[in-house]
There are 2 protein chains.
Amino acid sequence: MSIELRKHFEKITPLTDQEFDYILSHFTTKKLKKHQYLIQEEDTVTNDYFVVKGLLKASHIDKEGKEYIMQFAMEDWWITDYQAYFSQTTATLHINCIEDSELLCLSLQNRDKICSELHKIEHFFRRKSNLGYVALQRRILSLLNSSAKERYEQLLLQYPSLFQRVPKTLIASYLGVSRETLSRLSS
Amino acid sequence: MSIELRKHFEKITPLTDQEFDYILSHFTTKKLKKHQYLIQEEDTVTNDYFVVKGLLKASHIDKEGKEYIMQFAMEDWWITDYQAYFSQTTATLHINCIEDSELLCLSLQNRDKICSELHKIEHFFRRKSNLGYVALQRRILSLLNSSAKERYEQLLLQYPSLFQRVPKTLIASYLGVSRETLSRLSS
DNA sequence: CCTACCTCACAGATTTTATGTGATGTAAAT
DNA sequence: ATTTACATCACATAAAATCTGTGAGGTAGG
């Protein structure tokens, strides 16, 4: 299980065995089944999660019960309610499993610890944060100035495997369109 | 929603409108969807929950991942991890939803408060606690000296509606048999 | 007025879950 | 040693749930 985490870190920075074992010792593991919730609204959020295997979604549900997908997370992705995680407030997102999943969990305290002790881990997470920031900017821009069809085509190009693993209803919620509209766009 | 709670209390003790409104003011509400959890292992347990609508299960999962059902809770039932609730320790049970559910939540502090202020509520909860104790004794005795078939028949007699709403796999886990055995017993 | 959506409803397809059954093995009771 | 009452594994089928596509009508923005 941990080999995936090592490969993930080493995409950005090489690690000695000793460094990696030390880093890994700051993670715990969690296995969830399909439909299980990882985080529910108003939960205290204590961990960030690296997806070793499986697929999850982070969503916000409005007062009318309508679900908006903020993020999917498959293997090699990270997921949590970041607002709640970094500010140690309660969650506003729900996170649950689309498939059975195996996760590695990192508390904020442990994250700060390994970052402070290992410069290259500080570097790793800064790079990931920058990438994430840029991805969110692109998503906002896409929502602002692309048509629904264009957004669909961009996502299909960028993450074709999502379309095999995620129901189109959820992809529609991620793209900000109804599932009927997505169906019509796909023809 | 609260009319169900009032009816529930009044099965044991009549209440004036004023008394009931006062009692109700000590509850909060919670709505959960199917598969959402109410309590997870190691959670601090702050509330007891009255089920207004829906269906939940309380279970223990052993180290091998095998799930044992401690309790189901449908409308008019109460559910929590009582050990954790009364001793203010962390949960050893998982509680989640078999159906979308609406709950009324009562903290231990509020429970103690309304019991100390209203003798008839003290009476109500004492009666419920006695009933619960006796029910658990019966269950233990049933596990000790009844065959699986007898336990199944007792449950079917006592809660026939469970068999419409709960998968037999879960009922089997409650009865302490495999789902195949339960299937064979049902013939 | 046109376009690009949303919503509602319906129908059918697909997937998932539940269930029943057979075969084999095991442990406890006799 | 034998019998009984289960568990487990595997398989097949049924039932339920979910997914998807489509039509019709409505709405808001351009």
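First the proteins, then the strands, lettered A, B, ... as listed; each starts at 1. In what follows, every heavy atom counts, from backbone to side chain, and hydrogens, waters and symmetry copies are set aside.
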Interatomic distance, [X] atom [atom1] to [Y] atom [atom2] [nearest 0.5 angstrom]:
X: B:Ser59; Y: B:Phe72; atom1: OG; atom2: CZ; result: 9.5 Å
X: A:Phe50; Y: A:Thr80; atom1: CZ; atom2: OG1; result: 14.5 Å
X: B:Leu143; Y: B:Arg139; atom1: CG; atom2: CZ; result: 5.5 Å

If I take atom CG in residue B:Asn145 and atom P in nucleotide D:dA5, what distance separates them, rounded to the nearest angstrom?
16 Å
To the nearest Å, how far apart are A:Arg184 CZ and D:dG25 P?
13 Å
Quick one: name the residues clustered hydrophobically with A:Leu131, using the 4.5 Å side-chain heavy-atom rule over I, L, V, M, F, W, Y, and just say none if it's on its own.
none
Hydrophobic cluster (4.5 angstrom, side-chain heavy atoms) - remaining members for A:Met70:
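The other cluster members (ILVMFWY side chains, heavy atoms under 4.5 Å, direct or chained) are A:Leu93.
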Outermost nucleotides of DNA chain C that come under 4.0 Å of a non-hydrogen atom of chain A:
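The contact span of chain A on DNA chain C goes from C:dC5 to C:dT17.
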Taking DNA chain D as the partner, which of residues 151-171 of chain A come within under 4.0 angstrom of it by heavy atom?
A:Pro167, A:Lys168, A:Thr169
Roughly what angle, to 10°, lies between the helix axis at the start of the helix from C:dC1-D:dG30 to C:dT30-D:dA1 and the one at its end, five pairs per end?
30°
B:Glu102/B:Lys33 salt bridge by N-O under 4.0 Å criterion:
no
Salt-bridge contact A:Asp76-A:Lys7 (side-chain N to carboxylate O under 4.0 Å)
no
How would you label the contact of A:Lys149 with the nucleic acid (heavy atoms, under 4.0 Å): base, sugar-phosphate, or nothing?
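No contact.
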Please list residues of residues 60-67 of chain A whose heavy atoms come under 4.0 Å from any atom in DNA chain C, ordered by number; otherwise none.
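DNA chain C contact set from residues 60-67 of chain A: none.
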Could you list, one pair per line, each protein nitrogen or oxygen that sits under 3.5 Å from a nitrogen or oxygen of nucleotides 10-14 of chain D, together with the distance?
none

Any residue meeting side chain to side chain donor-acceptor pair (under 3.5 Å) with [X], in chain and number order, not counting sequence neighbours:
X: B:Tyr85; result: B:Arg111
X: A:Asp17; result: A:Arg6
X: A:Tyr22; result: A:Lys113, A:Glu117

Distance-only donor-acceptor pairs under 3.5 Å for side chains of residues 118-126 of chain A, two or more places apart:
from	atom 1	to	atom 2	distance (Å)
A:Lys120	NZ	A:Pro14	O	3.0
A:Lys120	NZ	A:Glu19	OE1	3.2
A:Lys120	NZ	A:Glu19	OE2	3.4

Nearest-nucleotide wise, let me know which of A:Gly176 and A:His35 is further upstream toward the 5' end of DNA chain C.
A:Gly176
Would you be so kind as to tabulate the donor-acceptor pairs closer than 3.5 Å made by side chains of residues 169-176 of chain A, with sequence neighbours excluded?
from	atom 1	to	atom 2	distance (Å)
A:Ser173	OG	A:Glu67	O	3.4
A:Ser173	OG	A:Thr169	O	3.3

What orientation do B:Phe27 and B:Trp78 show, parallel under 30°, tilted 30 to 60°, or perpendicular over 60°?
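Ring orientation, 0 to 90° scale: tilted.
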Which sits closer to the 5' end of DNA chain D, B:Thr181 or A:Ser186, going by the nucleotide each is nearest to?
B:Thr181
Out of A:Leu38, A:Asp100, A:Ile95, which one pairs with A:Leu32 under the side-chain contact (heavy atoms from CB on, under 4.5 Å) rule?
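Of all the options given, the one that passes is A:Leu38.
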Taking the side chain as C-beta and beyond, is there a heavy-atom pair between B:Ile39 and B:His94 under 4.5 Å?
no
